[in-house]
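We name chains A, B, ... by the order of the sequence lines, and we start the count at 1 in each one.
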Amino acid sequence: MRIVGIILVCAACTGMGIFAGERLKHRVAVLSELCRFISALKSEICYSGTELRQAVLNSASDQKELCGFRETFGKSDPGEFETGWKNAVAALPDCMRREDAALLFDLGSSLGISGIREQGELCERISVSAAAAFKTASEEAIRLSGLYVSFGVLGGIAAAILLI
Amino acid sequence: MKAFEDVVSLLGPRFLSLCGGVPKEVKGIATEISLRTGRSMCIDAGKRRYFITSGGGCCEKSGSDIFAPSSAEMEDAFLRICNFSVYSKQNQLVNGFITLRGGHRAGIAGTAVLTDGKVTAFNKISSIRIRLAVSRVGAANCFFPYLVAPDGHIRSTVFAGPPGCGKTTVIRDLADALGSGRFLRRVNVAVADERCEIAACCDGEPGLLKGECCDVISCMPKNVAVLCAVRTLRPDVIVCDELGTLSEAQAFCEAVNCGCAVIATIHAGSFNEALQKPQLRLLCDYGVFENLIYVEGYDASGYIFKTGGLREFQKCAL
């Protein structure tokens with residue numbers, strides 16, 4: 001019975017370590033798609049002149065990680081862009097941090113309210129910030145994901161020793 | 001009534017609830033909705049003007065209970081009529097208007113933002129005046145005898161009149177009638193709809209024009225659109241609104257020389273004033289228009305108009 005308990009504790013701790021590591025990797029994947037989304041949005045606005053709602057839906061259309069964002073935004077009331085955007089940002093995967101959401105809120109609060117040049121500049125500014133966040137997240141994921149797994153395994157072993 | 005409700009719903013829930021108490025009779029004949037920052041919101045219906053009250057109704061006398069939109073409410077309404085996409089309306093906005101879904105035209109006034117001496121945007125919107133587009137089937141019927149010659153050819157005609165007299169409604173119905181064969185045989189009609197007011201195209205479908213043989217070129221400058229239509233659409237008749245510049249008049253000359261009839265409108269305060277317009281003078285030099293119809297307005301019995309033919313044009317040219 002004790003051995004089973006020890007195995008379970010070890011597995012749980014290792015699992016937690018792997019989960020924390022995967023979360024970091026998932027955030028990198030979402031940020032990467034977010035960068036592509038902002039770039040596509042800029043093209044839709046500046047070169048196609050597509051209306052904002054359609055531009056957002058088009059830009060997020062083939063982004064796997066932004067599926068929840070797109071679906072929530074698509075279901076929102078077309079007459080309430082701000083609410084729709086806020087709900088869509090809230091529907092992003094859990095791995096996203098507060099600063100990532102703040103970046104998108106910043107984008108959403110200024111989208112559509114100015115001319116083509118200003119909108120292009122806004123997308124460019126947010127794109128630069130998103131790229132910087134992506135770079136930091138990638139480095140963090142390389143540095144920490146292995147460490148988290150190791151911590152999980154070691155933590156499990158330590159807990160097992162304590163139990164014995 | 002539907003046009004009124006469509007437009008008000010575009011302005012957002014605040015304006016929708018305020019206009020909820022407007023009587024159906026007023027909604028049915030409304031022609032214009034005016035919003036001005038800090039001043040009364042009013043509706044022009046027939047020859048009357050109604051003011052919207054803060055309680056959500058309307059009255060004919062301006063007073064203390066009249067609703068006056070705040071600056072924030074105007075900005076919100078402006079964003080909504082742009083469909084939250086000001087950038088997509090920029091080309092229209094620099095000319096002071098936005099075409100709404102359904103072909104309704106919103107005239108915008110505010111502080112212009114200039115870049116390199118050109119208007120690029122409007123800041124601090126002070127007024128939004130929305131002209132409701134209506135499709136009146138049969139509006140052009142009374143003009144039919146002037147448009148078709150005894151040999152069956154369609155006469156190039158210009159409709160002149162003051163703003164709001166119904167010129168666009170007439171040419172919209174004319175395009176519809178000619179394209180659907182309501183008057184005579186079906187003819188190919190090309191509509192140069194620079195401001196999207198005639199056909200109100202939405203997702204490529206003309207909302208206010210049902211004629212089977214109507215082709216619509218939207219949002220293209222009229223002088224370019226007319227020539228483009230002649231070269232690519234093989235039109236029998238070209239219809240366009242608000243002949244305003246000499247370059248447009250030159251494009252009309254070319255179209256007529258290619259065998260197309262042209263039907264257009266022009267703003268003028270009187271019959272003679274129309275004849276003095278430089279763009280019409282150019283056209284009469286070339287003998288482009290065979291008819292001038294001056295539309296004064298309309299009442300319960302129909303349109304009130306005067307007509308003149310080639311002779312008047314020739315007199316003008318002399």
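For the atom pair CG of L18(B) and CZ of F67(B), the computed distance is 5.0 Å after rounding to the nearest 0.5 Å.
By number of non-hydrogen pairs under 4.5 angstrom with chain B, the leading residue of S114(A), C46(A), G79(A) is S114(A). The most heavy-atom pairs under 4.5 Å with chain B, out of E118(A), E80(A), R117(A), E82(A), come from E80(A).
In this structure, chain B has a heavy atom under 4.5 Å from the side chain of Q119(A), while its backbone stays farther away. For chain B, the nearby part of T50(A) is the backbone; its heavy atoms alone come within less than 4.5 Å.
Between F69(A) and W85(A), the ring centre distance stays below 6.0 Å.
Checked by atom type and distance alone, the side chain of K222(B) pairs as donor or acceptor with a backbone atom of E242(B) at under 3.5 Å.
Cation-pi geometry between R53(A) and F81(A) is not met: the NZ or CZ atom fails to fall both under 6.0 Å from the ring centre and inside 45° of the normal.
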